[in-house]
Amino acid sequence: MTRRTHTDDPLDPMIAAELAELERALAGDMSLPAVDPVLAGLVREVRAEAPRLDDTFRASLDARVEAGFPRGGAASWLARVLPSGALFRPAIAVAATALLGLAVTTAVLTSGDDRPVSGLAVESREDGSAGSATAVAPDTALTAPQAAEAAPDASAPSRGAAPVPGTDQLDAGPAAKAVVPPAAPDPGRLGGARRVERSAEMTLSTSPDEVQAVADDVVRTVQGLGGVVASSRVATVDGGGEAYFDLRLPTARLDRAIAQLSKLAHVSALAQGSDDITGAFVSATDRLKDARDERAALLKALGRATTDRQVASLRARIADSRRRIARAEAELRQLRVRTDRATVALTIRGDGASRGGSDEDEGGTWTPGDALRDALRVLEVAAGVAVIAVAALVPLAFLALLALLATRAARRRGRERALDAA
Amino acid sequence: MALPHTNTAQVAFDALYRSTVSDVFAYVMSVVRDRGAAEDVTAAVFERAYRKRSGYDARRGSERAWVFGIARNAALDELRRRARTAALVVEPDDPSAAGAFEEADTADRRATVRAALAGLDPRDRELIALKFHAGLSNVEIAALLGISEANAGTRIHRAITKLRETCS
């Protein structure tokens, strides 16, 4: 097989001169310097030996050329239907890319159903006897029924240890990211009397002219549930307004309260937290019991005291014990208040749509801002799909290129071998 | 009036075909050495050129060199195909084709040249065909074979020398 070289080594001068003479002989140039008559004769004789076309074949080929090489049968039909040559390969490549992109998109979308919603912020803490969790929904677009379902009755057993029913519906919403607080640690030796402190932060959005009305409804709702407004501040100005409420609600009615408050306006944010303070509660109870037992023992000892000095000492210790009892009882009362009353920080913002909600899904108007957000979201998804598709296609394209180059090289080698063997 | 684009292309291809068809056949015949196969290959060459004429790039060489590139690939593919199916049968020369009315001396001389050509190495015979029948320049032959111009010149010179030695 011929070795292929691409070097630009200069041609030997003698060879170059003879080749130049050959070129002149081929061109029929017999001027000076004179062409070797032998070479001129050789050129003439080799050319005379050139195979000649058969007239019949030439006529047939002329006719085909004039007709533009018409195809026949199925090949003709395919040629008309399919683009040919250089156009056909890009079309196949585009079609393959589109199919791959579609497959990747489908895979991404179907696998995304089982994933947790992005943007979720969960904080949990466990220290053996107590735990806390916070679930944050930065832009929870919950409808009132969804919020109601997400907030079951607070009297449900083991509330802190089991997920709240309706969580799936929360996640199914377009922007819902509310999460039920995770389970607190098993009280174990505490006899199952769990003490959980609950809290919530909620932001309602309504139209600027409805802030006051919504605030009034909040107060009525809280009072109807047996809660109190610990503090409030309502500020309304032209074109806007805002109201803040610090609410205390019976813990057993917290979920029902959230459900009812959610009906008052569009819920733009909702965060719930729970803190298991069973350990602290039991510790306070134990300290109170110990203090009471100590006082009882001291009282008995006081009855048996025989000297003034013993009586005075015991009275001092009894007084000290009484103070400790008072402190333990106060601590216990405070813990009971924390577990019996949930804290709700409620904000009403007058920057949204009317009470009907702002999303099209909720029956409100679809604003240009919504359209812009949707468009951006579509672009984000499209860009993500494009990146994934490119990531998948680049190696495939590289392999295809290697295969193409290998095929061409093999074909070229095969042709050269065929010439050598001829 | 200017011809429509398609007609212009057709006319241009027709001119290319008429200026090269004989030389393409001579070259293909020199490579495959079978008249029937050479006719088939020649027809395939021009059909392929016709279908791919939109892909011709003038920056990569002349139209003539482009057609001979197609012819070379088609001729070598024919050799490969025949190598897979059967041993190559070289068509015997037809003495009557040499010209019954030629002078005896001329006829002898041409018979000598014909025999010398037949005895050349296939690669040398291909070079002679590309140079004498196709009329390609050394640069075009180098591009066609994928070698340097100097290498092409050396090979052509070697083939001519062999031919001259055999004929002398």
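Throughout, a chain's letter reflects where its sequence line sits, starting with A, and its residues are numbered from 1.
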For a 4.5 angstrom cut-off between non-hydrogen side-chain atoms, does [X] reach [Y]?
| X | Y | result |
| --- | --- | --- |
| B/R158 | A/I15 | no |
| B/R72 | A/L419 | yes |
| A/E23 | B/N138 | yes |
| A/V65 | B/V21 | no |

Item to check | Plane angle bin for A/F57 and B/F25 - parallel if under 30°, tilted between 30 and 60°, otherwise perpendicular | outcome: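 Judged by the thresholds at 30° and 60°, the geometry between B/F25 and A/F57 is tilted.
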Does any heavy atom of chain A fall under 4.5 Å from the side chain of [X], the backbone, both, or neither of them?
| X | value |
| --- | --- |
| B/E78 | neither |
| B/D23 | neither |
| B/H157 | both |

Checklist entry - Tell me, side chain or backbone of A/R52 under 4.5 Å from chain B's heavy atoms, or both, or neither? => result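 Backbone of A/R52 only, per the 4.5 Å heavy-atom cut-off to chain B.
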Checklist entry - Which bit of A/D54 is near chain B, if near means a heavy-atom gap under 4.5 Å: side chain, backbone, both or neither? => result both
Item to check | Top of B/G55, B/A129, B/A43, B/A75 for chain A proximity - count of heavy-atom pairs under 4.5 angstrom | outcome: B/A43
Item to check | Residues B/R80 and A/E416 bridged, charged N to O under 4.0 Å | outcome: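 A/E416 and B/R80: not salt-bridged.
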Item to check | Presence of salt bridge, B/R18 and A/E66, under 4.0 angstrom | outcome: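 Here A/E66 pairs with B/R18 in a salt bridge, since their nearest N and O are under 4.0 Å apart.
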Next on the checklist: Quick check against the 3.5 Å criterion: does B/R164 have a side-chain atom that pairs as donor or acceptor with the backbone of A/L42?
Outcome noted: no
Checklist entry - Can you check side chain to side chain contact (heavy atoms under 4.5 Å, CB included) on B/K131 and A/L19, steps first, answer last? => result CA-CA 11 Å; B/K131 196 68 194 171; A/L19 286 176; over 6 Å; no
